[in-house]
S.K.: 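This structure is in structure tokens; I'll ask about it shortly.
These numbers come from a predicted model, not from an experiment. As a basis for the values below, the full set of heavy atoms in this structure was taken, side chains included, without hydrogen atoms, waters or symmetry mates. Naming: A, B, ... by sequence-line order, numbering from 1 per chain.
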Number of protein chains: 2
Amino acid sequence: MVVPMQIARDHDRIFGALGDATRRDIVRRAIDGEEGVAQLASHYPMSFAAVQKHVAVLERAGLVHKHRIGRRKVIRTNLEGLRTARRLLDRYEELWRERVDRMDQLLKEAPKEAHR
Amino acid sequence: MVVPMQIARDHDRIFGALGDATRRDIVRRAIDGEEGVAQLASHYPMSFAAVQKHVAVLERAGLVHKHRIGRRKVIRTNLEGLRTARRLLDRYEELWRERVDRMDQLLKEAPKEAHR
DNA sequence: CATTGGTACAACCATACGGTTGTACGGCTC
DNA sequence: GAGCCGTACAACCGTATGGTTGTACCAATG
């Protein structure tokens, strides 16, 4: 599994963004896609600016996007971002399964080896 | 989805650990579970100690574990760690789906509302 | 058009992180 | 048991990160 540098950076940003509990909670809340930055900020024990930064990190990672409604900017989770992360984890699990299969195959092909 | 603090910290460590390309590559290589720290280190353009630190981060996150073979310590990926991450992403996608379902339901129940 | 609500961004600070080198320790091998 | 291989860890350094406060900008509202 060779990962081109650009894709690797995308993965860095996605997993890096998800490595913070506040940001994961923003992702969860933004699934409904109804709150602006100020409303989101009201849920957390930190300044508006701090939450704004978290949102910016999520946006750069492609996990959410903003869209203007009146003077608010509503944050909505981007399903594709989540799926990108999930696909990579799926791929690792697939490699795991392939390894197990290979070991099973070895045992089947040369069962007597174990006794030599 | 209320996440207890301890679990949240686990998720911090898991996603945080995956937010680095070198560490993701170690996870991938360690699926085969054959290499010690020194062998792993030989693949990357950094010191042995740096790789050792990366392995320690992965270990604390529960994504790999070490097991002694002779004087080596072989690193093996822990499937459960990967699954923990995947389950959280699955949960987000499920919330997404539920939201879409709710919206569909609203449209079905009150189709004429849209015209008022 | 003055005001207010919502957002953006710069400057700053403390701490965490990713890397380095150097030293020490445990376990094969001779 | 001397020496070497593989690992562990401490100390250090530069930069990134997560937080703060303060200022500035737009857009709806009166």
S.K.: Would you classify B:Ala38 as touching base, sugar-phosphate or nothing, given that sugar-phosphate means primed atoms plus P, OP1 and OP2, and contacts are heavy atoms under 4.0 Å?
M.R.: sugar-phosphate
S.K.: If you measure from the Lys or Arg side-chain nitrogens to the Asp or Glu carboxylate oxygens, is any gap between A:Arg99 and A:Asp104 under 4.0 Å?
M.R.: no
S.K.: If you compare every side-chain N and O of B:Ser47 against the phosphate oxygens of C:dG19 (OP1, OP2), does one of them come in below 4.0 Å?
M.R.: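 False: B:Ser47 side-chain N/O out of range (4.0 Å or more) of C:dG19 OP1/OP2.
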S.K.: NZ of B:Lys66 versus P of D:dG6: gap in Å, rounded?
M.R.: 16 Å
S.K.: Within this structure, what is the CD-to-C1' distance between B:Gln52 and D:dC5, rounded to whole angstrom?
M.R.: 14 Å
S.K.: Would you give a per-nucleotide map of nucleotides 25-30 of chain C, 5' to 3', where B means the base has a protein non-hydrogen atom under 4.0 Å away, S means only the sugar-phosphate does, and - means neither?
M.R.: --BBS-
S.K.: Expressed in angstrom and rounded to an integer, what is the separation of A:Phe48 atom CZ from C:dG6 atom P?
M.R.: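 One finds 9 Å between P of C:dG6 and CZ of A:Phe48, rounded.
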S.K.: Polar atom pairs between nucleotides 14-18 of chain D and protein, under 3.5 Å, N or O only, would you list them?
M.R.:
| unit_1 | atom_1 | unit_2 | atom_2 | d |
| --- | --- | --- | --- | --- |
| D:dG18 | OP1 | A:Arg23 | NH2 | 3.1 |
| D:dG18 | OP2 | A:Arg23 | NH1 | 3.2 |

S.K.: Give a yes/no answer on whether the side chain of B:Lys73 brings an N or O atom under 4.0 Å of OP1 or OP2 in D:dA8.
M.R.: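 Yes, B:Lys73 has a side-chain N/O under 4.0 Å of OP1/OP2 on D:dA8.
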S.K.: Please tell me if the side chains of A:Leu82 and B:Leu89 come closer than 4.5 Å, counting only heavy atoms from C-beta onward.
M.R.: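 Yes, close enough: below the 4.5 Å cut-off.
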S.K.: Please determine whether a side-chain nitrogen of the Lys or Arg among B:Asp12 and B:Arg9 lies less than 4.0 Å from a carboxylate oxygen of the Asp or Glu.
M.R.: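 Judged by the 4.0 Å cut-off on N to carboxylate O distance, B:Asp12 and B:Arg9 do not form a salt bridge.
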S.K.: When you get a sec, tell me which of D:dT20, C:dG6, C:dT20 is the closest nucleotide to the side chain of B:Ala49?
M.R.: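 Minimum distance to the B:Ala49 side chain belongs to C:dT20.
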S.K.: I'd like to know if A:Arg97 and A:Asp101 make a salt bridge, using a cut-off of under 4.0 Å between side-chain N and carboxylate O.
M.R.: yes
S.K.: Figure out the NE2/C1' separation between B:His67 and D:dG6, and round it to whole Å.
M.R.: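 Result: 15 Å.
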S.K.: For B:Leu58 and C:dC17, give me the distance from atom CG to atom P, rounded to whole Å.
M.R.: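 Distance check: B:Leu58 CG to C:dC17 P gives 14 Å.
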S.K.: How long is the span from the CG atom in B:Leu88 to the CD atom in B:Glu93, to the nearest 0.5 Å?
M.R.: 10.5 Å
S.K.: Are the charged groups of B:Glu80 and B:Arg87 less than 4.0 angstrom apart, N to O?
M.R.: yes
S.K.: State whether A:Asp20 and A:Arg24 are salt-bridged, where the test is any N-O pair (Lys NZ or Arg NE/NH1/NH2 against Asp/Glu carboxylate O) under 4.0 Å.
M.R.: no
S.K.: Working to the nearest 0.5 angstrom, can you tell me the gap between A:Met1 CE and A:Glu94 CD?
M.R.: 9.0 Å
S.K.: What's the shortest heavy-atom distance between A:Arg23 and A:Leu58, and which atoms?
M.R.: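 So the minimum-distance heavy-atom pair works out to O-CD1, 3.7 Å.
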